[in-house]
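Below is one structure, written out as structure tokens, with a few remarks after it.
Owing to the predicted nature of the structure, the values given are computational and were not obtained by experimental measurement. Just follow the structure's listing: the first ligand is 1, and inside any ligand the first atom is 1.
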Amino acid sequence: MERNTGLIVAMDVTRMDSAVEIASEVAECVDAIKVGYPLVLSEGLSVISRLADYAPVIADFKVADIPNTDELICEQVFKAGASGVIVHGFTGEDSLKACIDVARRYDGDIYVVSEMSHPGGAKYFQPIADEIASMAYEFGATGIVAPATRPERVKHLRSIIGDGLSIISPGVGAQGGKASDVIEAGANWIIVGRSIYNSENPKETAMELVTGIGI
Ligand code: O7M
């Protein structure tokens, strides 16, 4: 993914027409559109190619299964037109490798969740976050997902992966994180959902976020 604005919109709406409308409004302000279960379960996998007309699509399926199943899932998602897939790391090295092997065939990206942004996300993730981040580095993932709600953790995880991997960071706005803080802590992109898609003027809100990042 090319870094122009530093913003990824999380398209957690459940209707294709809303998603397309918002995508067309914010396209010039975002480097990617993240889609996940809410939209895909509602409208089908074809949302990926539809939204890819506006910006590269990252499929947030938090893939977490045995290697064979992970491979089958990633294959479907890249085939559907996604540029990247978000996967979990706690399933182990072989599962992560299966995802990365598929991504390489499609010249795609794999982002590994290292620690989640919600309050409950700290308890079980923090004790293993360093190892997950190291594994993502070792196996050649594109980047990790780290919490904008805890910039100090983003800084710490950046120190583990160095400059070679990207950090994409959700939790700005509705979850309380501040864009400039998390970029300063070492994130390359912020992921923002509700603040944009619930806004009266999604484009204006996206522009304000981009200005706040100050890339
Ligand atoms: O800005 P929000 O809070 O409306 O949306 C944030 C998006 O990021 C939403 O799609 C979440 O599912 C996702 N997300 C988190 O909020 N926290 C995490 O720790 C991880 C993710 C995510 O994208 O996982 C890959």
**OP:** Return the residue, atom name and 0.1 Å-rounded distance of the protein heavy atom closest to atom 19 (O) of ligand 1.
**Re:** Ser117 N, 2.8 Å
Original post:
Are Ser42 and Thr14 close enough that a side-chain donor and a side-chain acceptor fall under 3.5 Å?
Top reply: no
Subject >> Protein heavy-atom partner closest to atom 25 (C) of ligand 1 - residue, atom, separation in Å >> reply: Ile86 CG2, 3.2 Å
Subject >> Smallest separation among heavy atoms of Ala148 and Ser169, with atom names >> reply: N-OG, 3.0 Å
**OP:** Return the residue, atom name and 0.1 Å-rounded distance of the protein heavy atom closest to atom 21 (C) of ligand 1.
**Re:** Pro170 CG, 3.5 Å
Subject >> Summary of side chain to side chain donor-acceptor pair (under 3.5 Å) pairs that have at least one residue in residues 116-137, sequence neighbours excluded >> reply: Glu115-Gln126, Ser117-Gln175, Asp130-His156
**OP:** Flag His118 as yes when one of its N or O atoms lies below 3.5 Å from any N or O atom of ligand 1, and as no otherwise.
**Re:** no
Original post:
What's the shortest distance from atom 5 (O) of ligand 1 to any protein heavy atom, and which residue and atom give it?
Top reply: Gly193 N, 3.8 Å
Subject >> Pairing residues for Lys155 by the side chain to side chain donor-acceptor pair (under 3.5 Å) criterion, not counting sequence neighbours >> reply: none
**OP:** Name the closest protein heavy atom to atom 13 (C) of ligand 1, giving the residue it belongs to and the distance to 0.1 Å.
**Re:** Lys34 NZ, 3.7 Å
Original post:
Under 4.0 Å from any heavy atom of Asp12, which atoms of ligand 1 are there?
Top reply: 9 (C), 10 (O)
**OP:** Indicate yes or no: does Asp101 engage Arg105 in a salt bridge with an N to O separation below 4.0 Å.
**Re:** no
Subject >> For atom 16 (O) of ligand 1, closest protein heavy-atom neighbour >> reply: Gln175 NE2, 2.8 Å
